There are 2 protein chains.
Amino acid sequence: MKDIVKLTSDIISLDEMAKSVHDPKAGAISTFSGTTRDNFEDKEVKTLAYEAYGPMAEKSIYALITAARQRWDDLIHIAIAHKIGDCPVGETSVVIAISSGHRKQGLEAVHWMIDELKVQVPIWKKEVYVNGGPDGTDGGEVWKANNTQP
Amino acid sequence: MKDIVKLTSDIISLDEMAKSVHDPKAGAISTFSGTTRDNFEDKEVKTLAYEAYGPMAEKSIYALITAARQRWDDLIHIAIAHKIGDCPVGETSVVIAISSGHRKQGLEAVHWMIDELKVQVPIWKKEVYVNGGPDGTDGGEVWKANNTQP
């Protein structure tokens with residue numbers, strides 16, 4: 001059983017992540033990709049940027065994987081990649097890929113892991129808006145925790 | 001909003017399916033891939049084969065998409081591909097890809113759609129075992145409905 005964790009400033013490939021969890025014993029591959037969308041609460045988003053202290057974020061992601069394996073015994077390989085740095089509209093910020101024997105546990109685990117990752121993993125997100133920030137004073141940039149609305 | 005339905009004897013690309021639902025308004029892309037696993041109830045599987053009457057299966061998949069859109073209002077594009085014909089171990093038999101504004105609805109919809117697809121869509125599955133069938137009389141081939149265990 002492989003656990004793959006990657007913090008990267010490169011473009012994240014869903015295909016590559018899904019392939020990294022392939023296994024002849026797997027009947028299911030469940031994935032989630034977070035992508036930068038062009039709007040947030042009626043504001044036009046230009047880009048997002050992510051920052052983290054690498055070793056701490058990686059350790060936190062591995063802890064999440066351990067917790068998932070304790071909850072669900074049918075998970076085979078788990079791969080998680082998170083972008084660090086600029087992530088313009090349409091680009092992938094995070095991918096979770098899980099292979100499992102059957103589909104139910106893999107689907108549940110992907111949903112749980114992205115929710116927990118947003119809450120638990122110390123990665124910070126900067127939103128850069130096209131037209132200024134919410135209070136008009138920050139030059140259109142807002143730093144916030146990663147756990148904004150699902 | 002695009003609805004993409006494909007029954008195909010070609011290899012199904014998860015990457016292509018995920019890209020087909022990309023949208024600047026999407027913050028989430030959720031996918032499920034079903035793959036042929038090498039075992040079923042202690043028997044070694046050699047290959048699976050899928051058969052369907054195309055127009056009826058397609059109509060049924062479109063009906064499922066309509067039902068999903070009625071249940072969840074945040075879904076953007078929905079793409080579903082299903083393999084027809086031989087699907088050896090490790091190969092993809094079905095992909096569901098959904099983009100959504102936020103993650104919760106997309107993840108729920110993918111889970112619901114694969115469960116409902118297995119139950120509702122008239123696609124038949126033949127399992128070919130390495131060492132004969134379950135009753136030893138069928139030459140190692142078993143036809144069954146697609147809705148076997150999750």
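For the numbers below, each heavy atom of this structure counts, side chains included, while hydrogens, waters and symmetry mates do not. Keep in mind that this is a model prediction, so the values were computed, not measured. In what follows, every chain begins at residue 1, and chains take the letters A, B, ... in the order their sequences are listed.
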| field | Verify same cluster id: Ile76(A), Val5(A) (apolar side-chain graph, 4.5 Å) | value | no

| message | For Lys2(B), I'd like to know if atom NZ has over 12 heavy atoms of other residues, nucleotides or ligands within 6.0 Å. | response | yes

| request: Could you tell me which non-hydrogen atom of Lys25(A) sits nearest to which non-hydrogen atom of Asn39(B), and how far apart they are? | output: CA-ND2, 4.2 Å

| request: Heavy-atom distances under 4.5 Å only: say whether Ser30(A) touches chain B with side chain, backbone, both or neither. | output: both

| Between CG on residue Leu14(A) and NE2 on residue His22(B), distance to nearest 0.5 Å | 8.0 Å

| Atom CG in Asp23(B), atom OG1 in Thr35(A): separation rounded to 0.5 Å? | 9.0 Å

| Cluster question for you: counting only ILVMFWY and a side-chain heavy-atom cut-off of under 4.5 Å, with indirect links fine, are Met113(B) and Ile4(B) together? | no

| task | Determine whether Val21(B) and Val94(A) fall in the same hydrophobic cluster, where Ile, Leu, Val, Met, Phe, Trp and Tyr are linked whenever their side-chain heavy atoms lie under 4.5 Å apart. | result | no

| request: Report the distance from atom CG of Leu107(A) to atom CD1 of Ile96(B), rounding to the nearest 0.5 Å. | output: 9.0 Å

| message | Is there a path of hydrophobic side-chain contacts, each under 4.5 Å between heavy atoms of I/L/V/M/F/W/Y residues, joining Val89(B) to Val95(B)? | response | no

| message | Hydrophobic cluster membership, with links at side-chain heavy-atom distances under 4.5 Å among I/L/V/M/F/W/Y: are Val110(A) and Val121(A) in one? | response | yes

| remark: Ranked by heavy-atom pairs below 4.5 Å to chain A, first place among Ile114(B), Thr36(B), Asp74(B) goes to Ile114(B)

| Part of His111(A) lying under 4.5 Å from any heavy atom of chain B | both

